[in-house]
Amino acid sequence: MATASPPAEPEKLTKKALTADHPTWCPGCGDFAVLAAFFKVLEKLQIPHEKIVTIAGIGCSSRFPYFVNSHGMHFIHGRALPLATGVSLSRPDVHVFAFGGDGDGFSIGGNHLDHAARKNVNITYVIMDNFVYGLTKKQTSPTSPLGYKSKTDPTGAIDRPINPMKRLVSGGASFVGRTHAAQVKHMMEMFERAIRHNGFSVVEVLSECVVFYPGAFDQGNPRKGGEFNLIEEKQYDNTPEDEERHDVTDEAAAYAIANLPFPGKFGVFYQEERPTKNQLEQKWIDSTREKVGSATAAQLIQQRFDSLK
Amino acid sequence: MSAPATSAPKNEADNNPSSSNPQVDLSNAVIRFAGDSQDGIQTIGGFLAKLAGRSAREVMTYMTIPSTISGGPSIFQVHLGSGEVLSAGDEADFLVTFYQHSYNDHIASLRHGGVCLYDTDHVELPEDRDKDITYVGVPITSTTIEALGGTARDRGKNLFVLGLVCQIFRLKRDKLIEIVERQFGRKGEDVLRNAMLAFDAGFSYQIGDIFSDAYTLREGTSADTHRITTDGNTAIVFGLLAGGVRFGAGYPITPWSTIMEQLRSELPKYGGMFVQAEDELAAVSMAVGFSFSGHIAVTGSSGPGLSLKMEALSYATMAELPLVIINVQRGGPSTGLPTSVEQSDLMQAIYGSHGDCPRIVIAPKNVQDCFYTALEACQLAKKYSVPVIVLTDQALATRIEAFREPVVDEVVIEPELDLETRGEDFKPYPLDGETRHAPPGTPMAGGKYPVVTGLEHDEWGHPSSSPELHQKMTIRRREKIKAFAEEIDLPEIFGDEEGDVLLVGWGSTWGPIREATIRARSQDRSLSSIHIRYVNPLPNGLETLFARFKHVIVVEMNDEGLYGNGQLATLLRARYCDPKIRSLCKTDGLTYRVREILKGVDAIVAES
Ligand SMILES: Cc1ncc(C[n+]2csc(CCOP(=O)(O)OP(=O)(O)O)c2C)c(N)n1
Ligand code: SF4
Ligand SMILES: [Mg+2]
């Protein structure tokens with residue numbers, strides 16, 4: 001294998017260095033803004049370039065890894081999270097980011113979402129929710145609102161959509177945030193907090209599919225006459241206003257906000273510190289290694305062979 | 001590091017079947033215990049197997065387990081021999097029946113002239129019983145209860161019977177006790193004391209003089225002094241560990257579960273981890289994640305679970321990622337016969353995924369080979385950057401054999417993560433060379449980072465839908481497997497190099513086919529056999545072997561299908577277009593008996 005010595009001084013991580021192929025998304029697609037915000041946050045955090053790993057399933061939004069110049073994998077539909085789990089658990093030295101759409105995450109990958117959440121695997125997961133299947137050209141998605149006319153519901157969607165925030169909180173995600181692709185600064189704040197969170201952190205971004213669901217999120221966009229209402233989080237400043245503010249560790253309060261009618265509120269719905277699967281597994285490994293006196297593989301196998309005689 | 005040996009060291013008599021009758025009773029005994037699953041007959045069967053392993057005897061066990069949890073009829077059969085033991089035995093020489101139902105169901109498995117030991121507390125002999133059989137009634141239940149002081153209900157019956165067997169076959173009492181102590185000592189003093197009381201009660205029980213010297217089992221002749229005794233699933237676990245697997249993921253299903261359970265406990269000792277995933281889709285995806293991260297990774301399942309892994313396995317072929325997949329075959333389709341044996345996943349293993357999806361499939365022949373096959377799977381996966389499926393089965397998974405201890409220093413690999421900077425010329429899929437990967441964390445001198453994809457791609461891994469490229473890359477993925485086929489030795493013929501009948505087998509039918517060959521030849525019949533370990537790709541040149549025989553009969557535990565051929569037979573016919581290739585198939589969920597094979601061969605030969 002051809003090798004070269006690494007540059008002496010790690011280069012500064014810039015948007016330029018992070019830019020790969022020009023995105024193949026339709027002009028105006030909300031996902032462009034998500035990518036731009038991601039670049040800016042990485043620039044700010046200066047994670048070593050080779051330690052960034054972007055992972056996705058299948059969908060328009062799931063093409064994300066091709067547009068980021070980093071180690072990455074474009075996997076199969078719905079399975080980005082178990083794949084990312086494999087990377088995160090076996091490589092504590094890298095930062096694992098998963099990207100995908102509403103179909104990829106809540107429908108075909110729904111079971112994995114619950115389990116990555118309850119296990120609190122250290123992954124940052126960005127869901128670009130456009131309320132529709134974009135790549136396969138306008139079928140109903142699990143977040144399509146009732147009445148949405150798609151190719152699979154020509155007279156309007158009849159199945160109740162899921163509530164992503166409730167789903168994520170009840171699943172056990174330890175950081176749950178919601179933002180809007182038209183609000184780049186807020187989006188960046190959510191990404192940064194999600195990345196800094198130790199555990200399974202998820203950000204749902206309302207990201208418009210301008211082709212199959214134009215205007216879907218105008219109600220949450222002040223420039224389109226909508227309202228972008230933020231969750232006010234507790235400051236713990238002993239003021240009477242603080243009583244009214246949201247305690248991010250309060251699950252029931254998170255539910256109450258999640259129940260608000262569309263477009264609802266944006267910000268951090270829920271956050272808790274609890275041990276990650278990464279930490280719990282490592283603890284078991286460490287205590288086991290200690291018990292076996294850091295024996296080599298050959299010694300360990302020999303011991304077992306001896307017990308089979 | 002020298003390349004580790006991945007095939008088992010050869011046995012003395014390897015290709016020279018002796019014409020001696022394998023059923024000589026002095027050197028060979030088949031003991032069947034028939035009771036309920038909660039009676040602990042597996043435990044004493046295991047002790048006998050271990051004793052055989054320590055006494056230079058060959059051994060093979062066979063058991064049936066009810067698929068219900070709360071017990072039910074169960075048997076454990078131990079075939080002990082001082083020479084080569086190739087099957088669990090067609091017929092029992094010695095049958096122990098704990099209940100009336102055990103007696104009723106299993107008395108037919110006893111050979112004429114055999115001995116039936118029965119519990120007089122539970123079994124009543126019928127009037128019209130076979131007069132050729134020696135019946136020995138022992139009040140097993142009440143004597144055990146008495147020996148244990150009357151409080152212990154009927155637990156300990158198994159050890160009482162072990163004591164009886166030790167007495168009857170004049171086994172080495174001290175060696176056996178050592179094994180019992182090792183097992184029960186861990187469970188506390190009381191448990192061990194009760195076990196020994198029951199054992200000694202059986203050992204000193206006055207049976208009378210029915211048993212003469214004829215029942216003294218001859219000492220073993222195995223030249224191997226260092227031998228281990230274990231089951232196929234455990235052998236696979238050690239093969240994987242030796243092969244450098246440190247990460248894996250799976251979802252429970254019988255009979256695969258005991259592999260994942262053991263890996264879950266073993267891997268942390270090695271600094272690794274086995275994850276219980278939410279389903280098989282997640283399990284294989286996590287394993288792909290481990291592999292992408294630069295590790296040798298394993299996942300596994302049994303038939304239904306393998307089906308669920310198929311989409312991701314196609315991905316692994318497309319992205320050329322190394323991965324080891326263990327599939328422990330059971331009776332199918334669907335939930336089928338979860339605790340019975342079948343070889344009906346061959347086509348699924350080779351062709352089960354969408355798209356043109358070449359991969360390697362290897363099948364172990366016995367418990368020892370489970371170790372070496374798993375080990376080799378790790379090496380092949382890495383060498384060819386491809387998924388490798390190990391196709392074992394329920395019979396191998398659960399049966400116990402003794403075999404020569406692998407030399408740890410020759411086989412164990414300490415895996416290393418290669419995060420060395422990759423040069424500007426990094427090209428993962430060169431059309432004219434080996435696959436390379438750059439796992440996350442690898443600095444890229446050229447500043448361009450690789451994105452691994454399931455889309456068709458060029459040599460640099462960039463997605464491309466160029467028709468010409470898809471053709472070229474399809475060829476690339478196929479040719480590297482064909483290159484491996486070039487490396488595979490032609491199987492050796494067991495028996496004469498030419499003649500009337502050539503039996504062809506794969507997987508766990510190896511033993512019964514070999515024994516059938518020996519038996520047929522002792523009857524002066526012209527019959528030879530070959531065993532195919534590499535089922536995909538097949539070795540090249542099989543046609544040269546087939547040409548030397550009048551009949552080529554493929555013996556498999558799967559259905560003959562719509563066109564009269566089992567799964568391997570179908571592949572061989574497709575490859576060689578030779579109508580001489582015929583099939584002997586069955587799907588009763590049981591391993592082949594030697595006489596079943598010989599009868600089947602007679603029928604096929606007669607009709608052609
Ligand atoms: C196993 C499998 N089933 C179906 C598909 C087809 N498919 C690709 S993307 C997609 C839906 C994508 O929707 P979403 O995840 O919301 O992503 P978007 O394109 O809207 O960003 C479907 C059904 C597939 N690739 N694989
Ligand atoms: S189809 Fe919709 S989601 Fe897909 S790229 Fe175009 S605008 Fe974006
Ligand atoms: Mg979508």
Side-chain angles (χ1 to χ4, degrees), chain A residues 1-7 17 20-21 49-55 65-66 68-76 78-91 93-94 96 111-112 114-115 281 284-285 287-289 291-292 295-302 304-305 307-309, chain B residues 53-54 227-230 238 241-242 247 249 268-273 275 277-279 281-283 285-290 292-293 295 297 311-312 315 405-406 408-409 412-414 420-426 436 438-445 447-455 463:
Chain A
M1 184 147 323
T3 57
S5 45
D21 304 354
H49 201 163
E50 72 278 6
K51 301 211 182 285
I52 301 167
V53 189
T54 53
I55 287 167
Y66 293 123
V68 182
N69 180 31
S70 75
H71 283 291
M73 187 183 262
H74 185 219
F75 194 43
I76 56 177
R79 321 280 168 227
L81 286 181
L83 181 94
T85 298
V87 182
S88 174
L89 292 179
S90 70
R91 293 295 304 279
D93 55 320
V94 301
V96 183
N111 192 34
H112 308 313
D114 287 343
H115 290 274
E281 293 284 348
W284 191 30
I285 292 171
S287 62
T288 313
R289 285 292 292 157
K291 257 187 230 150
V292 300
T296 64
Q299 290 167 333
L300 288 166
I301 292 178
Q302 188 59 56
R304 288 302 312 274
F305 282 169
S307 76
L308 298 174
K309 284 176 189 162
Chain B
R54 287 187 178 192
R227 301 206 309 158
I228 57 177
T229 308
T230 194
F238 290 120
L241 292 171
F247 291 93
K269 297 182 193 163
Y270 299 74
M273 184 192 308
V275 180
E278 55 270 29
D279 55 32
L281 308 156
S285 301
M286 285 176 195
V288 171
F290 293 138
F292 165 67
S293 298
H295 309 290
E311 187 195 5
Y315 181 94
E405 177 184 9
V408 162
D409 291 336
V412 175
I413 286 176
E414 288 277 6
E420 190 112 1
T421 303
R422 304 304 199 258
E424 294 193 31
D425 58 348
F426 177 72
R436 304 156 188 186
T442 308
M444 304 301 294
K448 287 266 169 261
Y449 287 82
V451 174
V452 177
T453 177
L455 285 167

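Residue numbering restarts at 1 for every chain, and letters A, B, ... go by the order of the sequence lines.
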Under 4.5 Å from any heavy atom of chain B, what part of [X] do you find: side chain, backbone, both or neither?
X: A/Thr54; result: neither
X: A/Thr296; result: both
X: A/Val53; result: side chain
X: A/Asn69; result: both

Flag the pair [X] / [Y] as yes when at least one side-chain heavy-atom distance between them is below 4.5 Å, and no otherwise.
X: B/Pro439; Y: A/Arg91; answer: yes
X: B/Glu278; Y: A/His112; answer: yes
X: A/Leu308; Y: B/Glu405; answer: no
X: A/Leu89; Y: B/Phe247; answer: no

How close do [X] and [Y] get, heavy atom to heavy atom, and via which atoms?
X: A/Val87; Y: B/Ser293; answer: CA-OG, 3.3 Å
X: B/Ala312; Y: A/Phe75; answer: CB-CZ, 4.2 Å
X: B/Val451; Y: A/His74; answer: CG1-N, 4.1 Å
X: A/Ile301; Y: B/Val408; answer: CG2-CG2, 4.1 Å

Between B/Glu414 (side chain only) and A/Ala297 (backbone N and O only), is there a donor and an acceptor less than 3.5 Å apart?
yes
Answer yes or no: is there a donor N or O on one side and an acceptor on the other, between the side chain of A/Arg289 and the main chain of B/Pro268, under 3.5 Å?
no
For chain B, the option from [options] that forms the most heavy-atom pairs under 4.5 Å:
options: A/Ile285, A/Val96, A/Thr85; value: A/Ile285
options: A/Asp93, A/Thr288, A/Leu81; value: A/Thr288
options: A/Ser287, A/Ala80, A/Ser307; value: A/Ser307

Checking [X] against chain A: side chain, backbone, both or neither under 4.5 Å from a heavy atom?
X: B/Tyr315; answer: side chain
X: B/Ala438; answer: both
X: B/Val275; answer: side chain
X: B/Ala249; answer: neither

Looking at residues at least two apart in the chain, or sitting in another chain, which of them share a ring-ring contact (aromatic ring centres under 6.0 Å, His included) with B/Tyr449?
A/His49, A/His71
Quick one: pull up [atom1] in [X] and [atom2] in [Y] and give me the separation to the nearest 0.5 Å.
X: B/Phe292; Y: A/Leu83; atom1: CZ; atom2: CG; result: 7.0 Å
X: B/Asp279; Y: A/His115; atom1: CG; atom2: NE2; result: 7.5 Å
X: A/Ser70; Y: B/Met444; atom1: OG; atom2: CE; result: 11.5 Å
X: B/Thr442; Y: A/Lys51; atom1: OG1; atom2: NZ; result: 9.0 Å
X: B/Lys269; Y: A/Leu300; atom1: NZ; atom2: CG; result: 7.0 Å
X: B/Arg227; Y: A/Phe305; atom1: CZ; atom2: CZ; result: 14.5 Å

Highest number of heavy-atom pairs under 4.5 Å with chain A: which of B/Pro463, B/Gly272, B/Ala282, B/Pro440?
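Most heavy-atom pairs within the cutoff with chain A belong to B/Pro440.
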